[in-house]
2 protein chains.
Amino acid sequence: MGCVTATTGRGSGTRAPGNRAPRNRLSPDERRSQLLDLGVRLLATRSLDELSIDLLAEEAGISRGLLYHYFGNKHAFHEAVVRRAADDLIAQTAPPVTGDPIERLLASVTAYVDYVVANYEGYLSLVKGAAGGNEAIRQIYDDARNALTDRIFREDAQGQIIEDTPAARLLMRGWGAMTEDLVLSWLVDPTGVTREELLAMMAQSLPALGSILPQPSVVEH
Amino acid sequence: MGCVTATTGRGSGTRAPGNRAPRNRLSPDERRSQLLDLGVRLLATRSLDELSIDLLAEEAGISRGLLYHYFGNKHAFHEAVVRRAADDLIAQTAPPVTGDPIERLLASVTAYVDYVVANYEGYLSLVKGAAGGNEAIRQIYDDARNALTDRIFREDAQGQIIEDTPAARLLMRGWGAMTEDLVLSWLVDPTGVTREELLAMMAQSLPALGSILPQPSVVEH
DNA sequence: CATTCTATTGACACTTGTTCAATAACGCCA
DNA sequence: TGGCGTTATTGAACAAGTGTCAATAGAATG
């Protein structure tokens, strides 16, 4: 019993039998880049275990083996994809260096929002990867967010908005989480809030939060 | 060629050959409850695909088949675990009904923080599940968080802190995200911030954010 | 045109989720 | 107490996906 014909037939996609697709030979850099881009796109809507190597390979027009040749295993591929998305985010949101602190903060926030709008897929890969992934991936995500907020903390709003204490660091982190949630929620349903209102909300919330810091005082009522 | 002896030998754990563990027959409710509790615990530190049915079954002292009998498949089990964690959260953070709005807000926030501290594992299951999981699971998570924030919005701080507009809703959601990040970050590294400072930070941040809402006005500088 | 190099493949082995007929513990009634 | 139906539980077979590696084919080089 058992030992059915196995049917390991991992069909080579939708191709007439006998005329297999010609090999498409690229340089390692090109291939790597192609696969990472594809990964970013595919992992924006699926979680890692919803993305099979089969689908990925077919979508890329390569064999499964090639993916292992480049990335070793599925999780390493995921990690590379997340790292690519994170690097991209950091690079494309370089802060301005002119204007007063408030203006620069607004500019930073604007760059961030514009990036997320323009690269929704890539940003989702990053966020979703961080949440579902292992420790290494979460680290990449944390580093990226720290880089973003530290940039605002040090360069754009140095000392003028909030000072540097453990409580301030914590609150700053919280502000980052809020900011991320604001963009993503707004993108899902933007009704009733314009882009400018969103930007103002994000920029103004930081000094507003900073105001509760120095010596905590209850709000008037 | 193929058809090796298959060796499907999914060893029944660490048990001497021949003396299998006696069946432990529970009522469906008890068994379900046991499995959900275990799931909450195990999924606090692993992601779903890092948790094999094998491990789960062994840890619970049951066969793999039984899990399928109760939950159908792995994802349905995950969903049930997340739902249990969410229900638990809602139930155990019932808000107080006395005091002025600010006091009630502080009490709500305190109940939330205390719950997370006391049920760290369960809360992590919820958060991690929501991030890595499918749409249904994310829905459960969103509903739970909306229930929490709506409670504060309607009952604890009705109209007295912020009014009800799309922008306010959005900001409220963002505040929720910030609050969650604050607790979890603080738990990871509490140095420099006391529990009371954290609570004050969370409670005061809501009116502080509300102050930027009505007609956006740039902060003084 | 022959040869070397290497990007790429495809079949195979292995792990793990899923199904289902068989089994054994429990309550019930004679 | 002992047979009997009910049903919680099991284990082996099945399916689908991941990871491995020797063989292959496209390009560059002489």
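It should be emphasised that the depicted structure is a prediction, and the values quoted were computed from it without experimental measurement. Per chain, numbering begins at 1; letters A, B, ... match sequence-line order. Side chains included, hydrogens not; waters and symmetry mates left out as well; all remaining heavy atoms used.
By the salt bridge (charged side-chain N to carboxylate O under 4.0 Å, His left out) test, B/Glu135 pairs with B/Arg138, sequence neighbours left out. Listed by chain and number, the residues in a salt bridge (charged side-chain N to carboxylate O under 4.0 Å, His left out) with A/Arg46 amount to none (sequence neighbours excluded). Listed by chain and residue number, B/Phe77 satisfy the ring pair (Phe, Tyr, Trp, His ring centres under 6.0 Å) test with B/Phe71 (two or more places apart in sequence, or in another chain). Partners of B/Gln92 under the side-chain hydrogen bond (donor to acceptor under 3.5 Å, both in side chains) rule, at least two apart in sequence or in another chain, are B/Asp88. Looking at residues two or more places apart in sequence or on another chain, you find a side chain to side chain contact (heavy atoms under 4.5 Å, CB included) between A/Thr110 and A/Leu106, A/Asp114, A/Arg195, A/Leu199. Qualifying side chain to side chain contact (heavy atoms under 4.5 Å, CB included) partners for B/Glu30, counting only residues two or more places apart in sequence or in other chains: B/Leu26, B/Ser27. Residues satisfying the salt bridge (charged side-chain N to carboxylate O under 4.0 Å, His left out) test with B/Asp37, not counting sequence neighbours, are B/Arg84. A search for side chain to side chain contact (heavy atoms under 4.5 Å, CB included) contacts involving B/Asp54 returns B/Arg10, B/Ser52, B/Arg64, not counting sequence neighbours.
Counting only residues at least two apart or on different chains, the side chain to side chain donor-acceptor pair (under 3.5 Å) pairs with a member in residues 168-179 of chain B are A/Asp181-B/Arg173, A/Ser185-B/Arg173, B/Asp150-B/Arg169, B/Asp164-B/Arg169, B/Trp175-B/Ser205.
Rounded to whole Å, atom P of D/dT9 lies 14 Å from atom CG of B/Leu56. Note: CD (B/Gln34) to P (D/dA8) measures 15 Å, nearest angstrom. Look at CG on B/Leu26: it is 18 Å from P on C/dA24, rounded to the nearest Å. What separates NE2 of A/His78 from P of D/dT18 is a distance of 14 Å, to the nearest Å. Atom CD of B/Glu50 and atom C1' of C/dT16 are 15 Å apart (whole Å). The distance between atom NE2 of A/His75 and atom C1' of C/dT16, rounded to the nearest whole Å, is 13 Å. Whole-Å rounding puts the B/Glu30 CD to C/dA25 C1' distance at 14 Å.
Closest to the side chain of A/Arg25, out of D/dA27, D/dG17, D/dA8, is D/dA27.
Each of B/Arg31 and A/Ile53 has a nearest nucleotide on DNA chain D; the 5'-most of these lies closest to B/Arg31. In terms of position along DNA chain C, the nucleotide closest to B/Ser52 lies nearer the 5' end than the nucleotide closest to the other residue of the pair B/Asn24 and B/Ser52.
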Taking only nitrogen or oxygen atoms into account, show me every contact under 3.5 Å that the protein makes with nucleotides 1-4 of chain C, one pair per line with its distance.
none

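Residue-level contact check: A/Leu51 touches the backbone only, with heavy atoms under 4.0 Å from sugar-phosphate atoms and none from bases.
Counting distance only, with no hydrogens placed and no angle test, the side-chain atoms of A/Arg23 and the base atoms of C/dT8 include a donor-acceptor pair under 3.5 Å.
The closest side-chain heavy-atom distance from A/Ile152 to A/Arg104 is not below 4.5 Å. By the 4.5 Å heavy-atom criterion applied to side chains, A/Leu56 and A/Lys74 are not counted as neighbours.
Contacts of residues 63-74 of chain A with DNA chain C (heavy atom under 4.0 Å): A/Ser63, A/Arg64, A/Gly65, A/Leu66, A/His69, A/Tyr70. Annotation: proximity of residues 36-45 of chain B to DNA chain C (heavy atom, distance under 4.0 Å) is found for no residue.
Distance alone, capped at 3.5 Å, places no donor-acceptor pair between the A/Arg31 side chain and the A/Leu66 backbone.
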